[in-house]
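Structure incoming, see below.
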Amino acid sequence: MSNRAVERAKRTLEGFEDHLPIDVEAIIVAHNIAIRKRPLEETVSGMLVVKKDHATIGVNESHHPNRQRFTLAHELGHFLLHSNSSSVFIDASPIFFRDETSSEGSKLQEIEANAFAAELLMPENTLRRVINNQPLDAFDEGAVRRLAAQFGVSTQAITIRLTKLGLING
Ligand SMILES: [Zn+2]
């Protein structure tokens with residue numbers, strides 16, 4: 001279901017995957033998308049607005065930098081995967097607003113955008129190389145925290161990622 005999102009993230013990463021943390025802002029700029037950092041309502045993490053000749057990603061600068069990075073990657077995912085179905089994406093919990101598409105379609109788009117963001121910020125191959133394919137001990141908080149810092153993501157995000165890839169022993 002989210003395979004196409006992962007494949008798209010892998011292609012998008014080409015040339016960017018060896019420098020950690022992944023420079024998500026440079027990737028976005030390379031797509032000619034403008035980034036606007038603004039203090040937004042607490043529930044709003046970010047948004048994507050696609051116009052005929054340009055696109056803008058807005059991110060809530062009040063949120064933790066790691067969360068902002070995930071939001072930026074998530075919105076880029078919407079741009080690359082979904083901007084044919086909708087031109088405005090507002091990511092606010094618990095509701096995701098769209099100008100088109102059904103709620104079921106929106107749910108799938110969120111899953112895809114999250115899968116895209118996870119692969120973009122924590123590329124599977126890079127992650128495996130960094131930890132030498134040795135699963136981490138879930139209770140070794142220091143190791144998990146260091147890995148999260150290296151990739152510029154939250155410990156929660158890296159833990160979920162490691163779990164999904166079978167790279168953590170709990
Ligand atoms: Zn979204």
Side-chain angles (χ1 to χ4, degrees), residues 2 5-6 8-50 54-83 88-97 109-131 136 138-165 167-168:
S2 50
V6 172
R8 191 63 197 252
K10 283 186 172 146
R11 262 191 289 150
T12 305
L13 270 168
E14 281 168 19
F16 289 97
E17 70 269 51
D18 290 328
H19 179 265
L20 293 178
I22 299 296
D23 194 343
V24 61
E25 293 193 23
I27 296 173
I28 289 170
V29 168
H31 284 82
N32 281 320
I33 302 169
I35 298 171
R36 300 267 178 275
K37 296 185 183 182
R38 297 279 186 276
L40 305 171
E41 269 183 71
E42 172 57 31
T43 52
V44 179
S45 52
M47 61 187 72
L48 166 71
V49 178
V50 184
H54 68 280
T56 304
I57 288 174
V59 62
N60 191 343
E61 69 172 2
S62 310
H63 288 167
H64 189 283
N66 288 342
R67 183 164 170 197
Q68 291 185 48
R69 285 170 51 74
F70 200 89
T71 298
L72 287 166
H74 177 103
E75 300 303 337
L76 178 62
H78 280 317
F79 177 81
L80 293 173
L81 298 162
H82 310 132
S83 54
V88 180
F89 296 80
I90 299 174
D91 284 292
S93 58
I95 304 164
F96 302 98
F97 298 97
Q109 290 185 340
E110 292 319 310
I111 292 167
E112 287 189 328
N114 283 339
F116 177 93
E119 173 63 23
L120 196 82
L121 298 178
M122 300 166 278
E124 179 175 356
N125 291 339
T126 308
L127 188 54
R128 287 185 184 278
R129 194 168 61 240
V130 165
I131 65 170
L136 254 67
F139 296 98
D140 186 349
E141 280 181 40
V144 174
R145 221 176 13 243
R146 279 192 298 278
L147 197 61
Q150 197 173 354
F151 282 83
V153 298
S154 66
T155 53
Q156 191 189 12
I158 201 91
T159 303
I160 291 170
R161 184 73 172 146
L162 291 167
T163 304
K164 282 195 174 153
L165 297 174
L167 293 172
I168 200 158

**Report entry** Asp91 side, atom CG; His78 side, atom NE2 - distance, nearest 0.5 Å
**Finding:** 4.0 Å

Report summary line: Arg161 and Pro123 have their tightest heavy-atom pair at NH2-C, 4.2 Å

Requested in this report: Search all heavy atoms of Phe89 against all heavy atoms of Gln109 and return the closest pair with its distance.
Outcome: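 Closest approach of Phe89 to Gln109, heavy atoms only: CE2-OE1, 3.6 Å.
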
Report task. Mind checking the CD1-OG1 spacing from Ile28 to Thr56? Nearest 0.5 Å is all I need. Result -> 11.5 Å

Query raised in the report: So, for Pro21 and Gly152, which heavy atoms are closest and what is the spacing to 0.1 Å?
Result: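 Minimum heavy-atom separation between Pro21 and Gly152: CB-N, 3.9 Å.
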
Query raised in the report: Does Asn60 use its side chain to pair, donor to acceptor, with the backbone of Ser45 at less than 3.5 Å?
Result: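 Pair absent, no side-chain N/O of Asn60 close to backbone of Ser45.
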
Report summary line: CD (Gln150) and CG (Leu127) are apart, to the nearest 0.5 Å, by 9.0 Å

Report task. Drop me the distance from Lys10's NZ to Asn125's CG, to the nearest 0.5 angstrom. Result ->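 So the NZ of Lys10 and the CG of Asn125 are separated by 6.0 Å.
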
Query raised in the report: Quick one: which of Leu13, Ile158, Val153, Leu20 gives a side-chain contact (heavy atoms from CB on, under 4.5 Å) with Leu121?
Result: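 Output: one option passes, namely Val153.
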
**Report entry** Non-hydrogen atoms of Ala73 and Leu120 that approach each other most closely
**Finding:**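 Nearest pair, atom of Ala73 first, then Leu120: CB-CD2, 3.9 Å.
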
**Report entry** Separation between CG of Leu80 and CZ of Arg11, rounded to the nearest 0.5 Å
**Finding:** 9.0 Å

Report task. Determine whether more than 12 heavy atoms belonging to other residues, nucleotides or ligands lie under 6.0 Å from atom NE2 of His19. Result -> no

Requested in this report: Check whether any side-chain N or O of Arg69 sits under 3.5 Å from a backbone N or O of Ile22 as a donor-acceptor pair, and report yes or no.
Outcome: yes

Query raised in the report: Do Ile57 and Leu72 have side-chain heavy atoms sitting under 4.5 Å apart?
Result: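 Heavy-atom side-chain distance check passes, below 4.5 Å.
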
Query raised in the report: Does the side chain of His82 come within less than 4.5 Å of Leu48's, by heavy atoms?
Result: no

Report task. Quick one: sort the Phe79 and His31 rings into parallel, tilted or perpendicular, breaks at 30° and 60°. Result ->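 The rings of Phe79 and His31 stand perpendicular, inter-plane angle above 60°.
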
Query raised in the report: What distance separates Ile160 CD1 from Thr155 OG1, expressed to the nearest 0.5 Å?
Result: 9.5 Å

**Report entry** Student check: side-chain heavy atoms of Gln68 and Ile35 closer than 4.5 Å
**Finding:**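 They are not in side-chain contact.
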
Query - Backbone N/O of Glu124 and side chain of Glu119: donor-acceptor pair under 3.5 Å - result: yes

Query - Residue pair Gln156, Asn66: steps toward the side-chain contact (heavy atoms from CB on, under 4.5 Å) verdict - result: CA-CA 11 Å; Gln156 191 189 12; Asn66 288 342; over 6 Å; no

Requested in this report: With the side chain counted from C-beta on, respond yes when Phe70 and Val24 share a heavy-atom pair under 4.5 Å apart, and no when they do not.
Outcome: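 Side-chain contact under 4.5 Å: no.
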
Query - Minimal non-hydrogen separation, Glu61 against Pro39, with atom names - result: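 Residues Glu61 and Pro39, closest heavy atoms: OE2-CD, 3.3 Å.
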
Query raised in the report: Would you call Glu25 and Lys37 a salt bridge, taking side-chain N to carboxylate O under 4.0 Å as the test?
Result: yes

Query raised in the report: Which atom names give the shortest non-hydrogen contact between Glu42 and His63, and what distance separates them?
Result: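 Shortest heavy-atom contact: O-NE2, 3.0 Å.
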
